[in-house]
Every structure is written in structure tokens, then in C-alpha cells.
Amino acid sequence: MAGGTAEPAEPPESAGMTGTEEVSRLRGTLFEAVTLGATVFGLLMVGVLLLYVVNDAVRPLSADPGWHLVFFLTLVVPSLSVAAYCYTREGPAGEVAYATFGLPVVGLLVGAGIVVVFLEVVSVADWFGLALALVAAAGAIELHRRLRPYAALERLAVLIVAPLVAIFGVPALSVDRTLATPLTGTELFTLSFSTPKLLPGVPELFTSLPVLPLDWLLLVVSLTLPVAFAFGRIVSRRREDDRGRLETVAAAGAVALVGALVAPTVGIDAAHWVVLATTTLLPLGVYLEGVVRERAGLAGLWFPVVVVAGTLVGALVVETVGFAGPDPWLDWGFLTSATSRSPADAGIYPALVGSILMLVVIVVSAFPVGVGAAIYLEEYAPNSGPLGTFVTLVEINIGNLAGVPSVVYGLLGLAIFVRTFDLGNGTVIVGGFTVGLLILPIVIISAQEAIRAVPDSLRQASYGMGATQWQTIRNVVLPRALPGTLTGTILALGRAIGETAPLLMIGAAASVRTPPNGFFSRFSAMPRQIYSWSSEIQPEFRYGVLAAGVVTLLVVLLMMNGTAILIRNKYQRES
Amino acid sequence: MSSDGAGQGAVTGMADRSEPESRTDDDPERSGATDGAETVIESRDLDVFYGDEQALRGIDLTIPEHRVTALIGPSGCGKSTFLRSINRMNDLIDVARVEGDLLFRGKNVYDEDVDPVALRRKIGMVFQKPNPFPKSIRDNVAYGLEVQGKTDDIDERIHTALERAALIDEVEDRLDESGLDLSGGQQQRLCIARAIATDPEVLLMDEPASALDPVATSKVEDLVEELAQEYTVVIVTHNMQQAARISDKTAVFLTGGELVEAGDTNEIFENPEHDRVEDYITGKFG
Ligand SMILES: Nc1ncnc2c1ncn2[C@@H]1O[C@H](COP(=O)(O)OP(=O)(O)OP(=O)(O)O)[C@@H](O)[C@H]1O
Ligand SMILES: [Mg+2]
């Protein structure tokens, strides 16, 4: 910001008199100072506010000074010095340090999210059935591609029908309707028939098996092995041999298997272990393999070791000496329990699950629609003629829609999804659709921009090779535009997860005791829960619990934005 | 299929001279290097407009089969435009508009019932600027084969195409690396390999050697001459020596989008009819 203000400081060339020169220079300096001041002031205010909230949420001062001293000495000093050493060293030590530390943290969070989904939303058997169905559908589509490579329209039908049939089967159909003329209400005829269920879906077939394998075994097959296979590709490519993939899959399978057998003896559910090992150990292992084999930045490996060792040693010392730790509002109990009348027991778990489920609905609904709309507007829509004028009008108004206040979207959601389509008051799906509608313009615009940034020469190359328009879009335009689209979408999702007003309008619960167990059950989301805490009478709610909720929300948001930045950086490096 | 000079009945103004030995417009005989070749592509009174600007004016030109036809002329005279109007790449430019006839094997490609996608599968193109896809070298060459559904023996076809484009030695053991990691000249040869992998009938090349060093240029020139055994090649070039070396027929465009003279290459270079053409070829202007 301050960089852009340097321009006015340049003396105009025509100013022959030193007087005007001085005045303009003075004005430039003044302008620069003012803008710089505004920037610093804004940043400071946000920083102070955040500090305040974090202080309320964590309450570091409630701990003994000795506790702070111990951890300062065992954790902060050693890890900071290792970090500084890695940072100043030549080579990739710094990157290794932060990757080996960050990967497991992110992996744990993702794994925890998956575990929560298995706990609250789908059973492992259901999931496995669903996975089987998708594999069957993919097989059918591939078969069709092999057998009839040119029937594009037919394939579109197969593409839509195959997954539906695989998941739902051919369900029973029963119609019982009386058709009447709209004005006078005279009955015309009654349509009534029903067909028996013709074909059960794959998930149903699977769960109706008399004996189901153990949960963790299902997870090893449906989660660990496919993920290991994908990571194995990276290993294979990096080592430029074909054994890497096999070895990765074998190692991942072995770790999951051994862990699943050992975990129950230390009180961890075997299925949970399999999930966490897949999301945490697998990426870490693949990364470490690369570091160790190339012997680049090995010093960075000390960083996670020092952090873990420091924490353990510190905890041991604190335990033996007897220093009391802090009593934060934001603790394990807060993340895993429901809200309650007493501030000490209150937690955010149901709202956290609600937010995540809502996010799933948003992604599944807004992303395909938004990208589809962007593809139409950029690649298919005519630029001239009456339709062209109409399309221009639409494009302008998409920009306007991005600025419509969120309450208005809430009202729209209430009218359409609650009243007209009767999807239920304050259910996850209504919340997701409503907020999805809210971010749809942002998704469209960012996708449009990404598509527009694909060089025309690539399109021409594709058409020149005799590709059809759809082939060009699918093979050339979309892959190029995907990173940009993803970045924009993730930033929009960050906005979506913090929206409160639409949730108030569609009747999301003020607070719920149990997390939603499906997309059609009532829910509360984090901002909604925070809002209702703010009006509690007890000050502990307003100062402690609320702060903890805000920090949780901000951490989720930061993680999403971090992902967006990572995607963008990777993309920028590649192009 | 018209192999005679029937298209020249519609000659207006500047004449298309396919018959260098006799200087009269209505002599149907062919001779020289283009002798006996059938006409694959023929334009009749072709105008191309970009919005209100006219880029090509009444072009009459025939392109003989299994020969190399060079298009030369100063920058901005419409060579690329003419090339693009052959395989209907101009369709992709919103403001572009084509009038007149362009016949491919006797069929007007601008007729309603012509599918431009099918047309482009028969008429391959190498662009003025190298434009490989941001994919691996292998996938770049495989692209045309895949979109056209010619996926049998795909590895062999890829190998042959790279071999013919004189690139195989440089990329044999790095087929999985990105096509963008190649040098400019290698990228251009990759684009040539990509275009010939699908075995088109006609190959349009827009200054394929402009980004190449002399060694790579001579490789491409050899390639073009070899390609002419099986394909019909139309090549745009700014390099007079190159046109003289590799082409059988030459068409000279001059500023304003007019085709001033066309005919047997030797004739055009040794004994051009128009002074403007002579000036251009000898470097006095343009
Ligand atoms: N996409 C376009 N939109 C508008 N005008 C265009 C477009 N492409 C080309 N033109 C115009 O058409 C004329 C002919 O351009 P063309 O690219 O065919 O020239 P060229 O002979 O290939 O030149 P060069 O040797 O520099 O490549 C030029 O005046 C140019 O400005
Ligand atoms: Mg050109």
C-alpha cells in the first residue's frame, strides 16, 4: 500500500520553480505518511483485538509462573533456536522443519474430521457400501467408454444414470395424485399406480450381508489402500521406478494393520486408528522418504523431535514439581462437548459438526453449479446478438449479486428452500443451499477469471488438433483453470463458514445438544452458536466461552485460507 | 476433384499464376514442379474481414497435392489469415468473417453441412508461436490421437511422430517431463510432431522455423521435404531462401491482403512477372 504512494512524491518535471517542487514533495511525503499510518493503525487494531480474544479463550495468566518458566525453557527456547538454525542454514532445512511439523498437524485435523463424520453421520459399513457403488459406477462408465468411444450423448446419460442406479438401485415408485383444473377445481382423473422395488442399490446389498467384516478392515480397504496408491504414484515418479508404488501400499497396509491390532490394547478404537494413521503417518512417511533419500535438509528433522521432546520433558517437570497449568476455556472438553447451562461445561462440538456438514453441502452444490455457469459464460455464451446482450446483462448482475447483503439471501433461502421446497426449518441442507447461493456469485466470478486467464493459444492448439469444444474445455481449459478456481472457492468458503445472518433467517437452532446426524436434521453452526452465547446472562459465557468459540472459528478459517495459499503457490511455481 | 485451372475462371484483378511457363491467364496447362499434381485446396475470390477491416482481398489460389506450397509476403499481409481460413480456425475469432469459396477436395468448407472439427482432423496445423500443452511430452503428442480416438498402438505412433519431427534423440528418455521444459526450437518441433501424429492429409505450417537455430531449421526443412511425399504442405515463411529451397509452388502476398503472384517456385524467384514481387524477393521493400 505504502509503495503505491511513492508516486506523488516525484516532482513534476515541468516545475521549474523550486517553490512548487517543494510543495509537491511535501504533499507526497504527507500522503505517504497518512496512508502508512492508516495501514499500521488498522493492523494494530486487528492485532490487539485478536490478542484480547485469544487471551480470553486461553487464559494463560491462570497458570503458575513456574509453569510458564518450565515450558519456556524446555519447549520455547529449544524449538525457537532449532527453527532459527534451520532458517538461516542454506538449503531446504527450513522447509523440511515446517513440513515435518505441519503435515502431521494438518493430517491429524483432517483425520479427526473424518472420525467425526464416521461417529455422527455415516457408519463405516454404509460408507463402504457407498464406495463400492461408486467403484461399480466408475467401472460401468469406463466400460461404456471402451465399447462405444464416440457416443458422447449416450455417455452423458451413462455418467448420470450409472452412479444413481449403483447407489439407489431402481427404487419402488408409487404415484397417487388427482389432477384437477387449476381454477374451478374440477377433478379430471386420478393417477394411481405403484411399482415394486426392482433393484436394490449396492450399499443396501452390502449392508444386508449376513456377516460384515470388521469396521477397521473395511477402512483399510476403502481408505488406506486407495490413498496409499495415490501417494505411491508420487513416490514412484520421484524415484523414477515402479516399485515405489508397491512399497508405499505395502508399508501403509502393514502400519495400519499392526496399529489396528495394537491400538485397542491402549484404548484407541481400531477404526479411528486406521483413519488417523492414513491421514497423518502416510503423508509424513512419504515426505520423509523423499527427504532421507535425497539427504537434503536433514537438519530440519530435528525441529519436530525437539518440539515433541520439549513438550514431554516440560510436562514431566511440571508434574513432578507441581506447578498448576492454565485453565483455558478453549480446551479438549470445549471441542468435544455440547453447550450447557454452566459455562464450565459448555462446548462447541455440535456446532462444529454442523458447520462442517453445512460446508459439505455448500461445496457439493455451489462448486459444480458455479463452475458450470462460468464455463457457459466464458466458453459457450455468444458475445453478440440479442442473446449476447442478455448474457452481458447476466454477467454484470452476477457482480451485483456478490454484493447483496447476506440477510437478503437468508430471506431468499427461507422462501425457496424452507417454504417452497419444504426441506425443513433450519436443517443442514437448507443452511448449505442458502449459504451456497450466497457464495455462488463469488465462485462464478473467480472461475470465470481463471478460465479467462487460460491462454487462447492453448485453445487454438487443441482445436487445431481436431478436438471438439467439450474436449478442449475438459482437457485444456479446465485443468489450467482449476487451481485459480479452487483458490477463489476456498476463500469464498471461508466467508461462508462465518455467515450468521442467513442462518438466523432460515431458523438454524440457537444451540443444539446433539450434532446433526444427517443432512436433513436440524443444526446449529459455529457463528450461530457464538451469537447465542453473546446474549447469555452469565459473564463467563460472554467473555470466556464466546472467546473460545471465536478462536475455534478463526482457526478453521485460517486453515482454509492456508490451503488456498498453498494451492496458489504450487500453481504459481508450476506455471 | 478439379485438377485443372477451372478456379481461374473467377480471376479478378490480380491473377493466380499456376502456369509459370506461359504468361497468359487462361492457359489450363500446368508445368514445372507442380506439374501433374491434383488440386487439394482451391480458394475462389476469398475475402476475409476482421470487423470492418478487410484482411484478404479476392484470393484465388490452388494448392497442389503432395507438394510444398510456400506463402510469402511482408508482415501483416494476411498469410496467417489465409492459412487459418483453410481449416476454419477463423471460426474461433469472433470478429472474423469469410466471403467467397474455399474448396477442399472440391467441397466448400464453408458450406452448412461441413463439420469444422472433422475438417481440422484432415488438415493439421502448426502455429506461428510454439504452443505445447502444459502436459508431458508424451501427452502432448498423444493429445490429437486421443481426441480423435486413434488410441491403438499409441506408443508406437508417438515414437514415430517424434522421430519424423527430428526430436526423438533429444527427448527419448524424458517423455514424462513437461513439454514446457523444452527449448523454444524443441517446442516447435514438438508441435510439429503433435500435428503429424494423427496423419492429416494436409499440413498447414505457420513459420515453423522462426524460433529455430540454423541446425534445427535445416532439420525442419528436411522434414518438410520428406513430409511432402505423403502430405500436402502449406508453409508460411519470411525466409526467401527457405521458400526457394523447399517449396514447389510459391504464392506472394503483398500489403493490403492481395495475392500478387503465384506459381512455380523457380519461376517466381528467377523471373517474377510483377516488379513489386521482384522488389520484395530481392529485399528492396517489405
Ligand atoms: N484476431 C484478429 N483480429 C483483428 N485483426 C486481425 C486479427 N488477426 C489478424 N488481424 C489483422 O489481419 C491482417 C493480417 O494479419 P495476419 O496475421 O494474417 O498477417 P501475417 O501475414 O501472418 O503477418 P506476420 O508475417 O507478421 O505473421 C493484419 O492487418 C492484422 O492486423
Ligand atoms: Mg502470421
Side-chain angles (χ1 to χ4, degrees), chain A residues 142 144-152 155 233-234 236-242 378-385 387-388 391-392 453-484 570-575, chain B residues 51 80 83-84 87-95 115-136 139-152 173-174 176-181 187 190-191 194-200 203-204 206:
Chain A
E142 178 62 24
H144 181 264
R145 202 178 70 85
R146 289 268 167 80
L147 292 181
R148 297 176 56 89
Y150 297 107
R155 181 139 59 253
R233 240 183 91 164
I234 302 178
S236 266
R237 190 176 304 166
R238 213 167 44 191
R239 298 207 306 212
E240 289 168 1
D241 67 7
D242 292 332
E378 285 303 314
E379 299 285 326
Y380 287 99
N383 287 350
S384 51
L387 194 60
V391 167
T392 315
V454 178
D456 239 2
S457 66
L458 289 183
R459 287 191 188 86
Q460 287 183 1
S462 174
Y463 286 120
M465 303 298 307
T468 60
Q469 183 161 22
W470 172 241
Q471 283 173 331
T472 302
I473 292 173
R474 227 203 66 177
N475 296 323
V476 175
V477 177
L478 282 188
R480 256 312 264 255
L482 201 63
K570 187 169 153 34
Y571 166 63
Q572 278 168 350
R573 225 177 297 151
E574 272 174 11
S575 60
Chain B
S80 299
L83 218 54
R84 281 199 302 265
N87 64 347
R88 289 189 60 173
M89 289 298 281
N90 278 332
D91 290 13
L92 306 177
I93 301 171
D94 280 325
V95 292
D115 176 8
V117 172
L119 180 74
R120 290 180 201 131
R121 290 180 180 185
K122 294 201 188 106
I123 306 181
M125 185 159 196
V126 177
F127 294 84
Q128 190 160 1
K129 286 186 211 122
N131 53 358
F133 299 114
K135 301 170 185 276
S136 71
D139 290 348
N140 260 290
V141 186
Y143 187 83
L145 296 167
E146 266 157 19
V147 296
Q148 301 188 16
K150 299 177 176 167
T151 45
D152 40 312
D173 42 353
R174 46 192 283 214
D176 286 318
E177 279 174 37
S178 168
L180 295 176
D181 290 346
Q187 287 187 9
L190 179 62
C191 292
R194 186 172 72 177
I196 57 179
T198 55
D199 268 333
L203 196 60
L204 310 176
D206 201 343

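Computed from a prediction, not measured in an experiment: that's the story for all the values here. Below, read A as the first sequence line, B as the second, and so on, with proteins coming before strands; counting in each chain starts at 1.
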Problem - Among the listed options A:Gly466, A:Ala467, A:Ser457, the residue most often paired with chain B at heavy-atom distances under 4.5 Å - result: A:Gly466
Exercise for the section: Would you please test B:Asp91 and A:Tyr463 for side chain to side chain contact (heavy atoms under 4.5 Å, CB included) and show each step? Expected result: CA-CA 10 Å; B:Asp91 290 13; A:Tyr463 286 120; over 6 Å; no
Problem - Heavy-atom side-chain proximity of A:Ser462 to B:Val147 below 4.5 angstrom - result: no
Completion exercise
Cut-off 4.5 Å, heavy atoms of chain A, and the answer for B:Arg88 is neither
Practice task
Only counting residues at least two apart or in another chain, list the ones meeting side-chain contact (heavy atoms from CB on, under 4.5 Å) with A:Pro479.
Solution key: none
Handout entry: Most chain A-contacting option - heavy-atom pairs closer than 4.5 Å, from B:Met125, B:Lys122, B:Arg84, B:Met89
Key = B:Met89
Completion exercise
When rounded to the nearest 0.5 Å, the distance separating CZ of A:Arg459 from CG of B:Asn131 is 12.5 Å
Practice task
Sort B:Pro116 into side chain, backbone, both or neither according to what part of it lies under 4.5 angstrom from a heavy atom of chain A.
Solution key: neither
Practice task
Mark yes or no for whether B:Gln148, through its side chain, and A:Met465, through its backbone, hold a donor-acceptor pair below 3.5 Å.
Solution key: yes
Exercise for the section: Tell me, for B:Phe133 versus chain A, whether the close heavy atoms (under 4.5 Å) come from the side chain, the backbone, both or neither. Expected result: both
Exercise for the section: Taking atom CZ of B:Arg174 as the centre, report whether more than 12 heavy atoms of other residues, nucleotides or ligands fall under 6.0 Å from it. Expected result: yes
Handout entry: Heavy atoms from other residues, nucleotides or ligands near NZ of B:Lys129 exceed 12 (cutoff 6.0 Å)
Key = no
Completion exercise
Residues passing the salt bridge (Lys or Arg N to Asp or Glu O under 4.0 Å) test with B:Arg121, sequence neighbours excluded, are none
Completion exercise
Cut-off 4.5 Å, heavy atoms of chain A, and the answer for B:Lys135 is side chain
Problem - Largest heavy-atom contact set with chain B, pairs under 4.5 Å, which of A:Thr472, A:Asp456, A:Asn475 - result: A:Asn475
Handout entry: CD on B:Glu146 to CD on A:Gln471, rounded to 0.5 Å
Key = 10.0 Å
